[in-house]
Every structure is written in C-alpha cells, then in structure tokens.
Protein chains: 2
Amino acid sequence: MRWNGSSRRAEVLQAAVDLLDEVGLDALTTRRLAARLGVQPGALYRHYPSKRALLDAVAERIVVETAPDTPPEGDWAEQLRQIAGSMRRGMLAHRDGARLMATLTVPGDAAVAAFQRLVDLLRRAGATPDAAVVGVDTVICYVNGFTIEEQARGGAPGERRDQGFAAGLELILHGIAARLLAKANDP
Amino acid sequence: MRWNGSSRRAEVLQAAVDLLDEVGLDALTTRRLAARLGVQPGALYRHYPSKRALLDAVAERIVVETAPDTPPEGDWAEQLRQIAGSMRRGMLAHRDGARLMATLTVPGDAAVAAFQRLVDLLRRAGATPDAAVVGVDTVICYVNGFTIEEQARGGAPGERRDQGFAAGLELILHGIAARLLAKANDP
DNA sequence: ACCTGAACACCGTTCAAGT
DNA sequence: ACCTGAACACCGTTCAAGT
C-alpha cells in the first residue's frame, strides 16, 4: 500500500504510457500491455478494475506531468499564455494525447486543481467569479479543440502551427481583458 | 450507381446513424449494425470498405444536416454566432456526435466547404486571408472543444451551458473585431 | 500480493460460393 | 448487385486455482 512510483501498479501505468507512445490509442490493448509486462491478460485486473480506469490514470499522469515545472511569471495574460502552451505541449508529447483527454469521463484531481488555479489567477486580475470561469473555460476549450485537431491531422510539427495557436489565443486573451476584467461594465 | 438516398448504401448509412443515437459510439459495432439490417456482418463490406469509412460517412452526414437551413442574417458577428450555434446543436443532436467528429481523420467535403464559407465571411468583413483563417480556426476549435467536453459530462442540457457557450464565443468575436478586421494595424 | 490457465462473449475483416 | 457461411486473428473481462 505504498503511495509512490515503486508499486507494481505504477509499473503497469508506466508500461501503458510507453505502449501508448509506441502504438497509439487504438492499438493500446490490454492483451498487448500484458504481453509487454510478461504477464497474462487477466493479471492486469489486480491493479486496475477496467481498461477505462487504466486510461483515466494515463490521462491523469499526462495532466500532472504537463503542469509547468517553473511557476509562470508575468501578468495574468502572460501566465495564461504559458499555461495554455504547456497544456498543448503536454498533450502533443504523447501519441493521441489530445484524443485520450477527450475520451475522459471524469476530470480527475490534477485537472480540477489546474482549473482552479486558472480561475484564481483571473480572480486576482479583477474578474468576478462567473467571469473567471467563463474566461478559463474558453481558454481550455480552445486549447483542447485546437490540439485535438492538430494531432488528428498528422503533419509536420512546424512553427506554423505554433503561430496559429498563439494567434487564436491572443484573440481570447484580448476578449478577456476587454469584457471580463473589472472596468466599466454595465450591470 | 444512383446518387440519392434510395441506394442500399444510403440505407446502411441511415441505419448506422440510428444505431449511433440508440447505443452510442462505443457500442456501434459492425456486427450490431448488420443484425439491425438483417444481414451477415461481412455483407457490410460491399457498401463501405471499412468501419472507419462508415464512421467518416456518418460524421459527414451530421456536418451536412448541421448546415443552417436558412442562410444566416445580420453582420459578420451575428452570422458567426448563428453558424457556431448550429454547429454545436448539430453535434449535440447525435449521441457522441462531438467525439465522433474528433476521431475523424480527413475533413470531408462538407466540412471543407463550411470552413471556406466562414473564411469568405470574414474576408468580406475586412480581414486579410491569414487573419480570416486564424479567426475561423479559433471559433471552430472553441466550438469543438466546448461541445466535446459538454457532451462527455452528461448533465442536463440546460440553458446554463448555452449561456456559457455564448459568453465564450463573445470573447472570441470581440478579439476578432479588435485584432483581425481592418482598422489601424501596424504592418 | 501477484499471477496462471482457461474460459466467455464478443470484435473487424476476408472470401469463396450462392441467388 | 447483394448476400451467406464460415473462418481468421483478435478483443475485454472473469474467476478458480496456484505460489
């Protein structure tokens, strides 16, 4: 009953992440995963109750490792840029990473915490609670939608995509600044 | 070799759409579809070369029927609001509709045409070619990202979601107006 | 605690052969 | 033109039994 990465459960999870990167989400099969671990397929069910639960754990791990290593600097817009950028990079770092996120049923602790951190950021910048949620939701939906589409069409990684991503994000940041932060709002 | 909806191919497609709505994307199985058509599983392959191709056709049909029946009215922002709204409603109208779109490999004729119509709309409003693409991309990524997340968490349909969707869209429309349309831009 | 062996109820796909 | 029959190579999951 250890909490850290040395349990057998964590080895199964790590193997699943590796297998995802090698063969992709469609070929990520419990039987293939078992073979890679040198084990019978049924043995996996001692560690995860279902394939769905395993995939949820993989997604959660990607969210965790996606959180920026250094806390973001600058004003709220610059921080949002950095966080949005690392969300996109985190998903792109794994094969079918964005699509995997899209299949999740439940948000997961790490995702909820990340969401709350963004809401707090906009709150401190002067947004009302409702406005902060709208702003964060919009950024996150955009990042997810962009990255899913980006990863679906393979294509070269290229800085062309980076520019397109950044340009769209600027539109949203501009809208947040102009319509959500405390200025002259009619009630 | 007819083009219209009376071919056997079209019947298979219609049955697939109905089955999707009844059982969802994960349970949409070639064998279940064959059973519903009163046919052996292998018979489907006379009409579609693979399950992937069938799902692409289902997605394309949803895109087609999603195009607004009445051509949108009003200025560019109002037209964009209407089109974004019908894209979302079109996906919500079918079980797992948004997730199905996200799994598409190739855009398809109807989607490309819809994209082009939006680009033209922004061009007429004064955007450069690049700016028009950025604006349309941002709206589409937002709509897809929002709807995927909305449909993944079941929840009541509710107008709460409608308001959240509209509020985020306004941020983007504001950004387009302020940063992409011809005004005082530095070169 | 972790795994084996063996089974169950499914998949997508192919292809000769029928009508 | 459309479908059957039958097979092939897979799936996710369960569970008694072993160590």
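Residue numbering restarts at 1 for every chain, and letters A, B, ... go by the order of the sequence lines.
Remark: P of dC3(D) and OH of Tyr48(B) are 13 Å apart, rounded to the nearest angstrom.
The other members of the hydrophobic cluster of Ile148(A), by chain and number, are Ile148(B) (side-chain heavy atoms under 4.5 Å, ILVMFWY only).
When only modelled atom types and interatomic distance are considered, Asp75(A) and Gln79(A) share no side-chain donor-acceptor pair under 3.5 Å.
Taking the salt bridge (Lys or Arg N to Asp or Glu O under 4.0 Å) definition, one finds that Glu149(B) meets it with Arg153(B), Arg161(B), sequence neighbours left out.
Pairing for dT19(D) goes to dA1(C), judged as Watson-Crick or G-U wobble with the two contacts each under 3.5 Å. Across the strands present, dG12(D) finds its partner in dC8(C); the criterion is a Watson-Crick or G-U wobble pair with both atom distances under 3.5 angstrom.
Geometrically, Arg9(A) engages Tyr48(A) in a cation-pi contact, judged by NZ or CZ lying under 6.0 Å from the ring centre and within 45° of the ring axis.
When the side-chain nitrogen and oxygen atoms of His47(B) are compared with OP1 and OP2 of dA1(D), none of them lie within a distance under 4.0 Å.
With both ends at atom C1', the span from dA17(D) to dA1(C) equals 15 Å, rounded to whole Å.
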message: I'd like to compare against my own output: the B/S/- annotation of nucleotides 5-19 of chain D with a strict under-4.0 Å heavy-atom distance to protein.
response: --B---BBBB-B---
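In this structure, Phe165(A) has its ring center closer than 6.0 angstrom to the ring center of Phe146(A).
Among Arg32(A), Arg95(A), Arg36(A), the one residue that satisfies the salt bridge (charged side-chain N to carboxylate O under 4.0 Å, His left out) test with Glu22(A) is Arg36(A).
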